[in-house]
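See structure below.
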Number of protein chains: 2
Amino acid sequence: MFSKTCEYAIRAMIFIAQKSKDGSKVGIKEIAKGIDSPEYFIAKILQELGRKGVVQSMKGPTGGFYLDNSARKTSLATIVKAVDGDNIFSGCGLGLKQCSDKHPCPLHHEFTKIRKDITSMLNKTRVGDLQEELDQKLTFLRRD
Amino acid sequence: MFSKTCEYAIRAMIFIAQKSKDGSKVGIKEIAKGIDSPEYFIAKILQELGRKGVVQSMKGPTGGFYLDNSARKTSLATIVKAVDGDNIFSGCGLGLKQCSDKHPCPLHHEFTKIRKDITSMLNKTRVGDLQEELDQKLTFLRRD
DNA sequence: AAAATAAAAGACAAAAATATCTTTTATAGA
DNA sequence: TCTATAAAAGATATTTTTGTCTTTTATTTT
């Protein structure tokens, strides 16, 4: 469904939301451990998300990653688009370049419904909400 | 959603269903052209599907690929499983190894519904049905 | 039986995704 | 102002996916 990069990105965003909710910042090592991802790899991903303004960061001592109030309202759709592009939102399920309502691939109609559900789910799910459920231990980002 | 390999596989299966409905067989070159895929690549994929009994083939002159009556009833789920495995049916949306109803990832509940829809769609959609729509020019496998 | 045909099998190549390491830049605190 | 810290940037490495080519095997036709 999502690329590995995108999976890490979403997990990291939720983790950062949790760790920075009191105004503090969280370092890349703690993030990598917290979401069980390769350290250097998630660093690259967050760098890119930082450039796009999806996550905030500060260099230097006491620096790290955090989410401001606006970033907490980021939808999953925004993250997915930033990382994987919008193939999942609009690409053809069978990989055809030419596929549309007017010129549908054999799976077009079946996919339209599913894609609509996915899009709506990603649009309405926000990082802050997922973080709250995580806080309440209703959901988990790792084994322990 | 699917790997490129899987997209080609589904497209090829529908194409073969169409071209072999009168009992004839279709060669790999015609398939590759018909679904706009790399010839040697789709050959490999069909080889594998052949081994698994999803598609039928014959070597030698007048040989080629075809679908018997039972193969026409193959669901997309069968093809997807044969090619991509069952990650799409059961894997965690965020890539966690440990993710279940009891120990859900932050997206688990949202994904459960979507995955259910995808699974049911893939299970009930059969190659033969898609081929009929293609025959009626209600859907297309290529531009022209 | 020999020749021609077409898929199967095996080896190889290129591209993309994933992962790692090193150097540079910004910031805080001594 | 100097040092330590942590992210940014850039370069490199590995793995997986995708794509290609060559040789072998099975089958039909002559």
Side-chain angles (χ1 to χ4, degrees), chain A residues 1-12 15-16 19-20 23-67 80 82-85 87-88 91 94-95, chain B residues 1-12 15-16 19-20 24-33 35-67 80 82-85 87-88 91 94-95:
Chain A
M1 178 82 73
F2 304 134
S3 68
K4 218 118 200 40
T5 305
C6 191
E7 292 174 354
Y8 290 147
I10 295 172
R11 280 150 61 185
F15 185 80
I16 295 168
K19 292 297 179 180
S20 72
S24 62
K25 301 181 193 88
V26 54
I28 200 68
K29 276 190 184 139
E30 190 179 347
I31 295 169
K33 271 178 198 153
I35 68 169
D36 197 19
S37 77
E39 181 184 328
Y40 292 118
F41 194 49
I42 189 60
K44 277 294 171 205
I45 299 167
L46 288 177
Q47 235 176 74
E48 179 63 23
L49 289 180
R51 260 180 245 124
K52 299 193 175 178
V54 177
V55 69
Q56 285 72 48
S57 68
M58 280 278 285
K59 290 183 180 179
T62 77
F65 294 87
Y66 63 100
L67 296 191
V80 172
V83 176
D84 281 352
N87 198 56
I88 198 175
L94 291 186
Chain B
M1 177 83 73
F2 304 135
S3 68
K4 219 115 199 42
T5 305
C6 190
E7 291 175 356
Y8 290 146
I10 295 172
R11 279 150 62 184
F15 185 79
I16 295 169
K19 292 295 178 180
S20 72
S24 62
K25 302 182 193 85
V26 55
I28 199 67
K29 275 188 186 142
E30 191 179 346
I31 296 170
K33 271 178 196 152
I35 68 169
D36 198 18
S37 76
E39 181 185 329
Y40 292 117
F41 193 49
I42 189 61
K44 277 292 171 207
I45 299 168
L46 289 177
Q47 237 175 73
E48 179 63 22
L49 289 181
R51 259 180 245 123
K52 299 193 176 180
V54 178
V55 70
Q56 284 71 48
S57 68
M58 280 278 284
K59 290 183 180 179
T62 77
F65 294 87
Y66 63 101
L67 295 191
V80 172
V83 176
D84 280 353
N87 199 55
I88 198 174
L94 291 186

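Note that this is a predicted model, so its numbers are computed, not measured. To find a chain, count down the sequence lines: A is the first, B the second, and so on, and within it residues start at 1.
Residue B/Gln47 places a side-chain atom within donor-acceptor reach of the base of C/dA9, judged by atom type and a 3.5 Å distance cut-off alone. The base of C/dA8 has none of its N or O atoms less than 3.5 Å from a complementary donor or acceptor on the side chain of B/Lys44. At a cut-off of 3.5 angstrom, counting only N and O atoms as typed in the model, there is no donor on one side facing an acceptor on the other between the side-chain of A/Lys4 and the base of C/dT18.
Here the side chain of A/Pro61 is nearest to one of C/dC21, D/dT27, D/dA4, namely D/dA4.
Taking the nucleotide of DNA chain D with the nearest heavy atom to each of A/Ser57 and B/Phe2, the more 5' of the two is matched to A/Ser57. Along DNA chain C, the nucleotide nearest to A/Gly63 and the one nearest to A/Phe41 differ in position, and the one closer to the 5' end is contacted by A/Phe41. DNA chain C is contacted by both B/Phe65 and A/Pro38; B/Phe65 maps to the nucleotide lying nearer its 5′ end (nearest heavy atom per residue).
Distance A/Glu39 CD to D/dA8 C1': 14 Å, rounded to the nearest Å. In this entry the distance linking CD1 of B/Ile42 with P of C/dA7 reads 12 Å, nearest Å. A/Arg51 places its CZ atom 8 Å from the P atom of D/dG10, with the value rounded to the nearest Å. Rounded to a whole Å, the OH atom of A/Tyr40 is 12 Å from the C1' atom of C/dT23. Atom pair B/Ile28:CD1 and D/dA26:C1' shows a separation of 16 Å (rounding to whole Å applied). When rounded to the nearest whole Å, the span between CD1 of A/Ile31 and P of D/dA6 equals 12 Å. In this structure, the CD atom of B/Glu7 is 15 Å from the C1' atom of D/dG19, given to the nearest Å. We find that CG of B/Leu46 is positioned 14 Å from P of D/dG19, with the value rounded to whole Å.
A/Glu48 has a carboxylate O that lies under 4.0 Å from a charged side-chain N of A/Arg51, or vice versa, which qualifies the two as a salt bridge. Taking 4.0 Å as the cut-off between side-chain N and carboxylate O, A/Glu7 and A/Lys4 count as a salt-bridged pair.
Here the options are B/Tyr8, B/Phe15, B/Phe65, the test is side chain to side chain contact (heavy atoms under 4.5 Å, CB included), and the partner is B/Ile42; only B/Tyr8 passes.
Side chains of B/Ile88 and B/Phe2 form a contact here, defined as non-hydrogen atoms less than 4.5 Å apart.
A cation-pi arrangement is absent between A/Lys44 and A/Tyr40 under the rule of less than 6.0 angstrom and at most 45 degrees off the ring axis.
When the side-chain nitrogen and oxygen atoms of A/Ser3 are compared with OP1 and OP2 of C/dA17, none of them lie within a distance under 4.0 Å.
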